[in-house]
Enquirer: 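Below is a structure I'd like to ask you about.
Atom set for the values below is all heavy atoms of this structure, side chains included, hydrogens, waters and symmetry mates excluded. Since we're looking at a predicted model, the values are computed, not measured.
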Amino acid sequence: MNINIDKRTAKTALIGILTAQALAFSFLESMIPPIPELPPGAKPGFSNIITMFAAESISLPCALGITAAKALFAFITRGFSAAAMSFCGGMLSTITMYFLLRSKKSPFGFSGIGIICACAHNLGQLIAAAFLMGTAATFGYAPVMLVFAVITGLVTGSIFKILLPVLKKQKRFFLK
């Protein structure tokens with residue numbers, strides 16, 4: 001059966017699938033128990049693999065839309081504070097990753113970009129936390145979050161590199 005689907009419809013379907021994948025990763029991350037040595041709410045950021053793909057191969061608005069959907073998911077499942085931190089960290093990280101991934105002369109590679117974006121995400125979260133709590137004392141978490149960002153960014157970037165062929169194949173399925 002040969003079905004002709006217009007390109008906008010196919011792109012919308014792809015973005016829907018990517019958003020669902022990002023939300024599935026977010027859900028799975030929420031099942032990881034808290035690690036006592038880390039700041040409250042620290043997560044590995046596996047859903048950012050999907051955001052990285054969207055930023056790298058589709059568009060900035062698409063990647064930002066997936067980030068906004070993840071923040072809405074955080075609001076529904078964990079409340080306003082989690083959503084605010086997800087939104088602020090995610091937007092800063094997504095914009096950073098878009099420019100790094102689109103740079104023709106980026107010396108960082110996927111792991112380096114993952115680390116930089118994890119740091120940007122944590123910075124956005126710290127800014128949101130400072131506004132929510134009304135104090136800059138939240139920046140005291142920065143050193144611990146920096147170490148965690150290096151580890152999670154390295155892992156996320158490495159997984160992204162491994163999954164990139166599969167994600168590109170998925171994209172080709174929708175956008176022939």
Enquirer: Minimum heavy-atom separation for Cys62 and Ala54, please, with both atom names.
Expert: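 Closest heavy-atom pair between Cys62 and Ala54: SG-CB, 3.9 Å.
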Enquirer: How far apart are the closest heavy atoms of Ile58 and Arg102, and which atoms are they?
Expert: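 Taking Ile58 first and Arg102 second, the nearest heavy atoms are O-NH2, 3.4 Å.
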Enquirer: How long is the straight-line distance from OG1 of Thr138 back to CE of Met145, given to the nearest 0.5 Å?
Expert: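 OG1 of Thr138 is found 9.0 Å from CE of Met145.
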Enquirer: Check whether any side-chain N or O of Ser103 sits under 3.5 Å from a backbone N or O of Phe99 as a donor-acceptor pair, and report yes or no.
Expert: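 Here the side-chain-to-backbone pair does not exist.
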Enquirer: Is there side-chain contact between Leu23 and Phe27, with heavy atoms separated by less than 4.5 Å?
Expert: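 A side-chain contact under 4.5 Å is absent here.
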Enquirer: Roughly how far, to the nearest 0.5 Å, is OG1 of Thr12 from NZ of Lys7?
Expert: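 One finds 12.5 Å between NZ of Lys7 and OG1 of Thr12.
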Enquirer: With the side chain counted from C-beta on, respond yes when Ile32 and Pro44 share a heavy-atom pair under 4.5 Å apart, and no when they do not.
Expert: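 The answer is yes; the side chains approach within 4.5 Å.
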Enquirer: My understanding is that only one of Gln21, Met52, Arg172 makes a side chain to side chain contact (heavy atoms under 4.5 Å, CB included) with Leu167; could you say which?
Expert: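 It is Gln21; the other options fail the test.
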Enquirer: Any donor and acceptor pair, going by atom type alone, linking the side chain of Glu29 with main-chain N or O of Gly45 inside 3.5 Å?
Expert: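 The answer is yes, because a donor-acceptor pair under 3.5 Å joins these two groups.
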Enquirer: Give a yes or no on whether Phe139 atom CZ has more than 12 heavy-atom contacts from other residues, nucleotides or ligands under 6.0 Å away.
Expert: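 Yes, enclosed.
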Enquirer: Can you confirm whether His121 sits close enough to Thr94 that some side-chain heavy atom of one is under 4.5 Å from a side-chain heavy atom of the other?
Expert: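 No - every pair of side-chain heavy atoms lies 4.5 Å or more apart.
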Enquirer: Is there a continuous path of hydrophobic side-chain contacts, each under 4.5 Å between heavy atoms, that joins Leu126 to Phe131?
Expert: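 They do share one cluster, since a chain of ILVMFWY contacts under 4.5 Å joins Leu126 to Phe131.
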Enquirer: May I have the step-by-step check of side chain to side chain contact (heavy atoms under 4.5 Å, CB included) for Leu18 and Gln170, ending in yes or no?
Expert: CA-CA 10 Å; Leu18 291 172; Gln170 175 180 269; 3.3 Å; yes
Enquirer: Using a 4.5 Å cut-off on heavy atoms from C-beta on, say whether the side chain of Leu163 contacts that of Phe53.
Expert: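 Not touching, per the 4.5 Å side-chain cut-off.
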Enquirer: For Pro143 versus Gly140, what's the shortest heavy-atom pair and its separation?
Expert: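 The answer is CD-O, 3.4 Å.
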Enquirer: Looking at Phe148, is its backbone amide N or carbonyl O close enough to the side chain of Thr152 to form a donor-acceptor pair, meaning the two atoms are under 3.5 Å apart?
Expert: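 Judged by distance alone, yes, a pair lies under 3.5 Å.
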Enquirer: Apply the side chain to side chain contact (heavy atoms under 4.5 Å, CB included) test between Thr19 and each candidate in Thr67, Leu14, Ile50, Ile66; give the one that qualifies.
Expert: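 Of Thr67, Leu14, Ile50, Ile66, side chain to side chain contact (heavy atoms under 4.5 Å, CB included) with Thr19 is met by Ile66 alone.
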Enquirer: Taking atom CG of Leu146 and atom CD1 of Ile151, what is their separation to the nearest 0.5 Å?
Expert: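 Those atoms lie 10.0 Å apart.
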Enquirer: Quick one: are Ile159 and Phe46 in side-chain contact, heavy atoms under 4.5 Å?
Expert: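 Counting from C-beta outward, Ile159 and Phe46 do come under 4.5 Å.
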Enquirer: How far apart are the closest heavy atoms of Ser86 and Ala71, and which atoms are they?
Expert: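 The answer is OG-CA, 3.5 Å.
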Enquirer: Any heavy-atom pair between the side chains of Ser81 and Leu132 that's under 4.5 Å?
Expert: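 Result yes, sub-4.5 Å side-chain heavy-atom pair found.
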Enquirer: So, does Ser93 use its side chain to make a donor-acceptor pair with the main chain of Cys117 at under 3.5 Å?
Expert: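 Yes, Ser93 side chain to Cys117 backbone: donor-acceptor pair under 3.5 Å.
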Enquirer: Quick one: do Tyr98 and Leu64 satisfy side chain to side chain contact (heavy atoms under 4.5 Å, CB included)? Show the steps, please.
Expert: CA-CA 10 Å; Tyr98 175 79; Leu64 292 172; over 6 Å; no
Enquirer: Can you list the steps and then say if Ile116 with Thr96 is a side chain to side chain contact (heavy atoms under 4.5 Å, CB included)?
Expert: CA-CA 8 Å; Ile116 293 167; Thr96 302; 3.9 Å; yes
Enquirer: Are Asn48 and Phe25 side-chain neighbours, meaning at least one heavy-atom pair lies under 4.5 Å?
Expert: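 Of all side-chain heavy-atom pairs linking Phe25 with Asn48, none is under 4.5 Å.
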Enquirer: Output, in order, the C-alpha distance, side-chain angles, deciding distance and verdict of side chain to side chain contact (heavy atoms under 4.5 Å, CB included) for Leu154 and Ser111.
Expert: CA-CA 5 Å; Leu154 182 64; Ser111 293; 3.6 Å; yes
Enquirer: Rounded to the nearest 0.5 Å, what separation is found between the CG atom of Leu60 and the CE atom of Met97?
Expert: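 The CG atom of Leu60 sits 10.5 Å away from the CE atom of Met97.
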Enquirer: Using every non-hydrogen atom in the two residues, find where Leu92 and Gly124 come nearest and quote the distance to one decimal.
Expert: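 Closest approach of Leu92 to Gly124: CD2-N, 3.8 Å.
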Enquirer: Within the supplied structure, the quantity of interest is the number of heavy atoms (other residues, nucleotides, ligands) at a distance under 6.0 Å from Phe75 CZ; does it exceed 12?
Expert: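 At most 12 heavy atoms, drawn from other residues, nucleotides or ligands, come within 6.0 Å of this atom.
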Enquirer: Do the side chains of Leu100 and Leu164 join up, straight or via other hydrophobic residues, at under 4.5 Å, putting them in one cluster?
Expert: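 Yes, same cluster.
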Enquirer: Can a donor-acceptor pair be found, under 3.5 Å and without considering hydrogens, that links the side chain of Arg78 to the backbone of Phe73?
Expert: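 Not at all, since once roles are kept as given, no pair shorter than 3.5 Å links the two residues.
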Enquirer: According to the side-chain hydrogen bond (donor to acceptor under 3.5 Å, both in side chains) rule, which pairs have a member within residues 49-61, sequence neighbours left out?
Expert: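 Every side-chain hydrogen bond (donor to acceptor under 3.5 Å, both in side chains) pair that includes a residue of residues 49-61, provided the two are not neighbours, is Thr51-Lys70.
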Enquirer: According to a 4.5 Å side-chain heavy-atom criterion applied to Ile, Leu, Val, Met, Phe, Trp and Tyr, with indirect links allowed, do Met91 and Leu101 form part of one hydrophobic cluster?
Expert: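 Different clusters.
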Enquirer: Quick check: do Ile113 and Phe160 have side-chain heavy atoms less than 4.5 Å from each other?
Expert: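 The answer is no; the side chains never approach within 4.5 Å.
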